[in-house]
Amino acid sequence: MGYAGLTAERLTRAGAELADEVGFEQVTVSELARRFDVKVASLYSHLKNSRDLKTRIALLALEELADRAADALAGRAGKDALTAFGHVYRDYAREHPGRYAAAQFRLDPKTAAASAGGRHAQMTRAILRGYDLAEPDQTHAVRLLGSVFHGYVSLELAGGFSHSSPDSEESWSRALDALDALLRNWPAA
């Protein structure tokens, strides 16, 4: 029997908060036990190990991101949808850096297939329908968007743009404009 009030969901949410505070890589069952002032063994009735905890945090982060993106994309198309989608990722990463890192955690194929990751791909492809890209260009564009969004956000979180002008906000806006222009004028194979 587990510690009163502890559930896998409560531990996952606490783990996600811990990730935002100390970094996703620092999250362990031991660290979580310290947070609740319980013995590590008390958590093993809810979690298998630290990998299980990290997987649960990753699934939570993917779900939160997908929900935010779905809300932001409702009723939007073209550049408006592209911009809203990009802002969701950037804002989420700034608000929840540990959870954002968790969303990049490598999941086993079965877990990944059941995760909200598929919703992310569907939303990205829905945005790209507004740009009339056929396969395989659509897949190339999905990868490009993911690379630009993740790359920009990761560099920004690491302080990569904080020591020069123009402001990173201006560069972000220009990057979104450039992506829109590229998608509207996708090069022929």
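What's counted below: heavy atoms across the whole structure, side chains too, no hydrogens, waters or symmetry copies. Counting begins at 1 with the first residue of the sequence.
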Compare every heavy atom of [Y] with every heavy atom of [X], then report the nearest pair and how far apart it is.
| X | Y | answer |
| --- | --- | --- |
| Leu65 | Ala103 | CD1-CB, 4.1 Å |
| Ala69 | Val88 | N-CG1, 3.8 Å |
| Phe24 | Ala101 | CB-CB, 3.9 Å |
| Gln26 | Val22 | CG-O, 3.3 Å |
| Ser171 | Pro166 | OG-CG, 4.2 Å |
| Ser50 | Thr28 | OG-CA, 3.4 Å |

Starting at [atom1] of [X], measure out to [atom2] of [Y] and round the result to the nearest 0.5 Å.
| X | Y | atom1 | atom2 | answer |
| --- | --- | --- | --- | --- |
| His140 | Leu144 | NE2 | CG | 11.0 Å |
| Phe85 | Leu73 | CZ | CG | 6.5 Å |
| Asp137 | Leu128 | CG | CG | 10.5 Å |
| Leu62 | Ile57 | CG | CD1 | 12.0 Å |
| Asp52 | Leu43 | CG | CG | 11.5 Å |
| Leu6 | Ser45 | CG | OG | 8.0 Å |

Ring center gap for His96 and Tyr92 short of 6.0 angstrom
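Ring-ring flag for His96/Tyr92: true, centres closer than 6.0 Å.
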Taking the six-membered ring for Trp and the single ring otherwise, decide whether the centroids of Phe161 and Tyr152 are under 6.0 Å apart.
yes
Begin with the C-alpha distance, continue with both residues' side-chain angles, and end with the deciding distance and a verdict on side chain to side chain contact (heavy atoms under 4.5 Å, CB included) for Thr12 and Leu59.
CA-CA 10 Å; Thr12 300; Leu59 293 172; over 6 Å; no
Look only at the side chain of Ser42 and the backbone of Lys39, and say whether a donor-acceptor pair between them is shorter than 3.5 Å.
yes
Are [X] and [Y] connected, step by step, through hydrophobic side chains (Ile, Leu, Val, Met, Phe, Trp, Tyr) whose heavy atoms are closer than 4.5 Å?
| X | Y | answer |
| --- | --- | --- |
| Val142 | Leu179 | yes |
| Ile127 | Leu176 | yes |
| Phe149 | Leu183 | yes |
| Leu157 | Leu18 | no |

Is any side-chain heavy atom of [X] less than 4.5 Å from a side-chain heavy atom of [Y]?
| X | Y | result |
| --- | --- | --- |
| Leu32 | Val27 | no |
| Tyr131 | Asp180 | yes |
| Glu64 | Tyr100 | no |

Does the pair Lys79 and Asp177 meet the rule for a side chain to side chain contact (heavy atoms under 4.5 Å, CB included), with working shown?
CA-CA 8 Å; Lys79 183 180 180 187; Asp177 289 345; 2.6 Å; yes
Salt bridge (charged side-chain N to carboxylate O under 4.0 Å, His left out) partner of Asp20, chosen from Arg13, Arg99, Arg94:
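Option passing the salt bridge (charged side-chain N to carboxylate O under 4.0 Å, His left out) with Asp20: Arg99.
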Whether over 12 other heavy atoms sit under 6.0 Å from Asn49 CG
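Result for CG/Asn49: enclosed.
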Atom CD of Glu95 with >12 non-hydrogen neighbours under 6.0 angstrom:
yes
Trp186 vs Gln138, side chain to side chain contact (heavy atoms under 4.5 Å, CB included): CA-CA, chis, key distance, verdict:
CA-CA 10 Å; Trp186 192 261; Gln138 192 177 95; over 6 Å; no
Walk me through whether Arg119 and Asp67 qualify under side chain to side chain contact (heavy atoms under 4.5 Å, CB included).
CA-CA 9 Å; Arg119 287 176 57 206; Asp67 290 345; 3.0 Å; yes
